[in-house]
Enquirer: 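To start, I am sharing the structure in question, which I have written as C-alpha cells.
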Amino acid sequence: GESVGLHLPTLSVQEGDNSIINCAYSNSASDYFIWYKQESGKGPQFIIDIRSNMDKRQGQRVTVLLNKTVKHLSLQIAATQPGDSAVYFCAENKGLTGGGNKLTFGTGTQLKVEL
Amino acid sequence: DTAVSQTPKYLVTQMGNDKSIKCEQNLGHDTMYWYKQDSKKFLKIMFSYNNKELIINETVPNRFSPKSPDKAHLNLHINSLELGDSAVYFCASSQGRLAGGLNFGPGTRLTVT
C-alpha cells in the first residue's frame, strides 16, 4: 500500500506485504534526509538516512528513495511485520553555519499492520 | 543505559503555574534540542544549543526559556502555563553533521488544566 505523508493519514497493510510511505519536502537546499519511526508513548527512532548526492539507500528490510527533481522521498518496508506498526516521519535537514543542524519534520503517516 | 533522558515523563499542572523539564544526554554530543509534538503528532523544533550556545530559537513565546548549564544538559522552563502548552516535549541530541540523525528522549507529556 502507499500513502502521502502530508497530513496524518493511515496506511493499512497486510502482514507480509510491502509498505510504501511517501513524503514531500519543501526546501531544495536540504542536504540530508532521515526517516524516523515513532511507536506509541516513545520518542522518534532513527530508521534510515540518505544524503542529497544519492537517490537510493537500502537497509535491513527498508529502502529510502530520493527524487530531488520533485522533492519527494519514500520509505519502502519489505515484508511488513506487526512490529512495524507506528507513525513514520520524514525529516529534512539544513546544516547551519557555525555548527548545528535544523531538522524539519513532515507530518507523519500512521502505519497499521493487519494480521 | 539511557542515551537521552528526560524528567518528568508526565506533568499535570494548572494554568498560570511555572514548571521545568530536565534533559540529560550521555552520548558526548555537542548539540541539544527541544521539540514540541502537538495532538496531531506534528513535531516542531523550539530551541537548539550547540556547545551551550543558543543557535536555534524558533517563534516560541518568551514564557519558554531553555537553559544549558553544560553540554550534557538542556532544561526547559515554562512560565505562566497556558492550555495551549499541553503537548509532548522531546529533548534530542546530535553530533556533527547529523550522521545517524537526532537521538530523541522518551518525551514529557505536559497537560495544562
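Atoms considered below: every heavy atom in the structure, side chains included; atoms not considered: hydrogens, waters and symmetry mates. A, B, ... follow the sequence lines: proteins, then strands. Residue 1 opens every chain.
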Enquirer: Check whether B:Gln6 gets within reach of chain A through its side chain, its backbone, both or neither, counting any heavy atom under 4.5 Å.
Expert: neither
Enquirer: Does the plane of the ring in A:Tyr36 sit parallel, tilted or perpendicular to the ring in A:Phe46? Use 30° and 60° as the thresholds.
Expert: perpendicular
Enquirer: So for B:Lys44, is it side chain, backbone, both, or neither that comes closer than 4.5 Å to the heavy atoms of chain A?
Expert: neither
Enquirer: Tell me, for B:Tyr35 versus chain A, whether the close heavy atoms (under 4.5 Å) come from the side chain, the backbone, both or neither.
Expert: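 For B:Tyr35, the contact with chain A is made by the side chain alone.
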Enquirer: Could you walk me through whether B:Tyr89 and B:Phe64 satisfy the side-chain contact (heavy atoms from CB on, under 4.5 Å) test, starting with their C-alpha distance in whole Å, then the side-chain angles of each, then the deciding distance to 0.1 Å, before giving a yes or no?
Expert: CA-CA 12 Å; B:Tyr89 292 84; B:Phe64 290 77; 3.8 Å; yes
Enquirer: In terms of heavy-atom proximity below 4.5 Å to chain B, should A:Gln38 be classed as side chain, backbone, both, or neither?
Expert: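 Only the side chain of A:Gln38 comes within 4.5 Å of chain B.
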Enquirer: Which atoms of B:Lys41 are under 4.5 Å from chain A, going by heavy atoms: the side chain, the backbone, both sets, or neither?
Expert: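 B:Lys41 touches chain A through backbone and side-chain heavy atoms alike.
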Enquirer: Can you label the angle between the A:Tyr25 ring and the A:Phe33 ring as parallel, tilted or perpendicular, going by 30° and 60°?
Expert: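 Because their plane-to-plane angle lies in the 30° to 60° range, the rings of A:Tyr25 and A:Phe33 count as tilted.
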Enquirer: Does the distance from a Lys or Arg side-chain N to an Asp or Glu carboxylate O, for A:Lys102 and B:Glu58, drop under 4.0 Å?
Expert: yes
Enquirer: Please classify the contact of B:Glu53 with chain A as side chain, backbone, both or neither, using a heavy-atom distance under 4.5 Å.
Expert: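 For B:Glu53, no heavy atom lies under 4.5 Å from chain A.
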Enquirer: Looking at chain B, which one of A:Gly41, A:Gly43, A:Pro44 has the largest number of heavy-atom pairs inside 4.5 Å, strictly under?
Expert: A:Pro44
Enquirer: Does any N or O in the side chain of A:Lys71 come within less than 3.5 Å of the main-chain N or O of A:Ala24, such that one atom is a donor and the other an acceptor?
Expert: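 Checking the backbone N and O of A:Ala24 against the side chain of A:Lys71, no donor-acceptor pair under 3.5 Å is found.
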Enquirer: Give, as side chain, backbone, both or neither, the part of B:Leu43 having an atom under 4.5 angstrom from any heavy atom of chain A.
Expert: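 For B:Leu43, backbone and side chain are both near chain A.
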Enquirer: Does B:Arg109 qualify as a cation-pi partner of B:Tyr10, given the criterion of NZ or CZ under 6.0 Å from the six-membered ring centre and within 45 degrees of its axis?
Expert: no
